[in-house]
Every structure is written in C-alpha cells, then in structure tokens.
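Atom set for the values below is all heavy atoms of this structure, side chains included, hydrogens, waters and symmetry mates excluded. Letters go in sequence order (proteins before strands), and every chain restarts at 1. The shown structure was predicted, so the numbers you read here are calculated from the model rather than taken from an experiment.
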Amino acid sequence: MKYMLMIYRDEAAFAPGQTSGAHSGAYIAYADALKAAGVLIGGDRLQPSSTASTLRAGDGAPEILDGPYADTKEQFGGFYIIDVPDLDAALQWAARCPATTQGAVEVRPMWVV
Amino acid sequence: MGATSRASQAREAAERVARHSYGKLVAYLSARTRDIAGAEDALSEAFAAALDQWDAVGIPANPEAWLLTVARRRMVDTARQRETRAGAAEHLKLLADELRDAGEGSDIPDERLRLMFACAHPAIDRQIRSPLILQTVLGFDAATIAGCYLVSPTTMGQRLVRAKTKIKQAGIAFRLPEHLEMPERLDAVLEAIYAAFTEGWSDPAGTEQRRRELAQEALWLGRLVARLLPDEPEVLGLLALMLHLEARRRARRDHQGGYIPLNDQDPSKWDTMLIAEAEDILLGASHRGRIGRYQLEAAVQSAHAIRRFGRAPDWTVL
C-alpha cells in the first residue's frame, strides 16, 4: 500500500539561517534509508508557509489569499510517499523520520483507484 | 418429524453456531481483505440462508463450513458488483488466496486473535476498541453495545463503522505483533477486554441484566485469549483478576441493590469454584516469571479471598 508521510513542524525553528546542517543531514540520511529499503516513491521539502497562496471557492472566481490553508503554529513542510505492506510498516518508517523529534508526522493511505 | 420442530431445530443449530463460531467466521472472512463490515454483512446473509435451507433439507454435517462457503460466495459476488475494476481484481485475488489456503480440510483456522489485535491497534481510538471487539468477535449489535456503554445507538453505530473503515482503508493488518512490540500491543487487547468487564461489573443498581452479561462475555474473551496465547502471564493475570472479582458478585450488593464494601461483604456468598480457578491460573502465571499489572491486581484480590476460608486478609502481603 502507498502512504504519504506528511511532515508538520514549527517553522520558527526553521527560519532562514537557522537550519542546522546536522538536521538537514538527518533528513538526507532518512531519505537514503527509505531508498535503500526500496520503499521510497517520492517526496520533497516545501518552502515556508509564508510563500503559500491559497485559492478558496467564492461566488464567482476563486478568491486568492496570501498565506497557507490554516494558520497554525506547526505547518505542513514536506512529505514522503512510500510503498509498504501495511500501516504498521508505514508507522515504523514514520517513527524514524527526523520530524518526530520536533514536530508531527501524519500518516495517510493514498487513495486506491 | 413435524415441520415446526424441524424449523426450530434449524434455528437452534444456527444459534449454536452463531454462539460458538461467529467471531471465528468474521475473523477468517476478513483476515485477508480487512473488510470486517463486508464479512459481517455476508455472514448475516449466510445465517438467514441457513434458517431457510436447514429447515427444508436438514442441518449440514459441518454447519460452520456451510456458513463459511455461503458467506464467501456472497463476498465474492459483492466484490464483483461494487468495487471499481482494479479494486475488484485485487479484492477477488485476496479472496482466492484465502480459498486456496483454506485447503480441503474442514477446520477453519482461528484468526480471532489477529482480529483482536487489529481492533485494539494503537491507530484505533482507545474508546472504541472494546466495543469493536464485542461486535466483531461476539457479534453484539451496535444497539446492545450502546446500551452497555450508555451512549446513543446512532453514535455507537457511527463510531463502529468509522473504526472498521479505518482498519480496511488505512491498511491495519491482521497479524500477531512481533516479539518486541508484543507487551504493548497485548496490553491494549487486555485493556479492551477488561474495559468490557468493568463496564459490565459497574452497573449502578446491580440489576441490569445486559451489563451483567457483559462481564460474562469479557470472561469468555479472557478465556479465549488465554487459550490462544497460553504462555503470556499477563493474559492469565487478567483472567485470574476477572474471576476473583466475578466470584464476589453475589456478595457486593444488599437487598436494596446498595453497594457493600469489600470489608463488610459476607465471604460465604463468594463463589469458591471461581476463586479456586483464579488461584490456579494465577499460580500458573507466576511460574512464568514475568510480573505485570494484571498479575499484581489479581494477587491483591487473592489476598482478600483468603477471608473466604476463615482467615484474615494478609495485610502485609497487601
């Protein structure tokens, strides 16, 4: 089954210039482990939520808003898509994600067509 | 044989199988596809068909296998009709795998333990684990469970549906936990069983038949898990604890239904058979050399039970 691991984290800790090399290193090592296990389908890191634009359905054309969908302390900041046998395997991989030490990781199955 | 007695025999046979095998059939039918709701639907149709046909042509030699075959056929039909093409192919493949693995033998593999581990999975809301096990393993309907847990049937029904959907869609596998994760995962199963027991034990007036039965059902689940996992001391600890508590049922209410504290209870009203069974089981657990929460609680109850035999409770032990 395919799952998306969605990473939510406090952006203040990731402000430009504050990103520690060690932390990026942890993500690189994590992605390498996913690749080595043959479970990684894809994934990426996103720019901070201050760069986001949100379109919301209105009366006529959708309204364009400056900012992310939800203005929360922890923001969606990146994702991995993995292919593993079941939820337990997905949760085990999510538990190894560096984000679990300073944020949250939501694990969701992908829609099966 | 009269038509009426044949009909009642068919009904009795169906009820007997339902009582003994419901959870086993649900667990087996949903183990591969994780589709518990689908298995329950198919099984209820199979039971309806059984009442019709066993009445007309007699009760089959192996009623369990008969129900399994009819229910499985029903699941295959539903998969063909309902699912999208790709989904149906996958679903049908799983059902075919299951059929092949079942082989020719008439013994249905017991997947109830795997089912219970799925129901008490950490990704399932703690509050619904116990009701979910009552429904899937024992066949309680949502309204009955709602009555036991004092919530509206609609709410309970929705929560149960949501939990079953999560097991299926989120890919919660029916599997036994590996060695390292076993203690934590097993604890969740035991907690769900004990929750059902205490729910049944705590009826305010001591008069509610349905909630009292819940304690009996929890005991039945405890015995089942003890049979399926005979080497886990905490399973035995929980069973011993529930038996000790159950042994005092008749002594814990006065005639007006008022609560009697343990110290004021009349020990002659305690059930010595249940106490003896509890002691036996607890002793067996202690030989396995891994103490835990339920064994400790059972040991506390055991120290109180000594009063039944005319001695003061051992307060130093307590």
**Request:** Quick one: do T144(B) and L134(B) satisfy side-chain contact (heavy atoms from CB on, under 4.5 Å)? Show the steps, please.
**Result:** CA-CA 10 Å; T144(B) 306; L134(B) 290 173; over 6 Å; no

**Prompt:** Does K164(B) come within less than 4.0 Å of E40(B), counting only side-chain N to carboxylate O?
**Reply:** yes

**Validation row: Y3(A), W93(A) side chains within 4.5 angstrom (heavy atoms)** = no

**Prompt:** How far apart are the closest heavy atoms of Q135(B) and A142(B), and which atoms are they?
**Reply:** NE2-N, 3.6 Å

**Asked** Quick one: does S130(B)'s side chain have a donor or acceptor within less than 3.5 Å of a partner on A192(B)'s backbone?
**Response** yes

**Message:** Has Y294(B) got a side-chain atom pairing as donor or acceptor with M242(B)'s backbone, closer than 3.5 angstrom?
**Reply:** no

**Asked** Which of residues 55-87 of chain A have a heavy atom under 4.5 Å from any heavy atom of chain B?
**Response** D86(A), L87(A)

**Prompt:** With distance as the sole test, does R9(A) use its side chain to make a donor-acceptor pair with the main-chain N or O of A99(A) at under 3.5 Å?
**Reply:** no

**Asked** Just by modelled atom types, is the R74(B) backbone N or O under 3.5 Å from a matching donor or acceptor in the T78(B) side chain?
**Response** yes

**Asked** Measuring heavy-atom distances to chain A, does A123(B) have an atom under 4.5 Å in its side chain, in its backbone, in both, or in neither?
**Response** side chain

**Prompt:** Could you go step by step and tell me if L241(B) and Y194(B) meet the side-chain contact (heavy atoms from CB on, under 4.5 Å) rule?
**Reply:** CA-CA 9 Å; L241(B) 171 62; Y194(B) 192 46; 3.6 Å; yes

**Asked** Side-chain donor-acceptor pair under 3.5 Å between S49(A) and E11(A), yes or no?
**Response** yes

**Request:** Would you please go through residues 228-239 of chain B and name the residues with a non-hydrogen atom below 4.5 Å from one of chain A, in numerical order?
**Result:** none

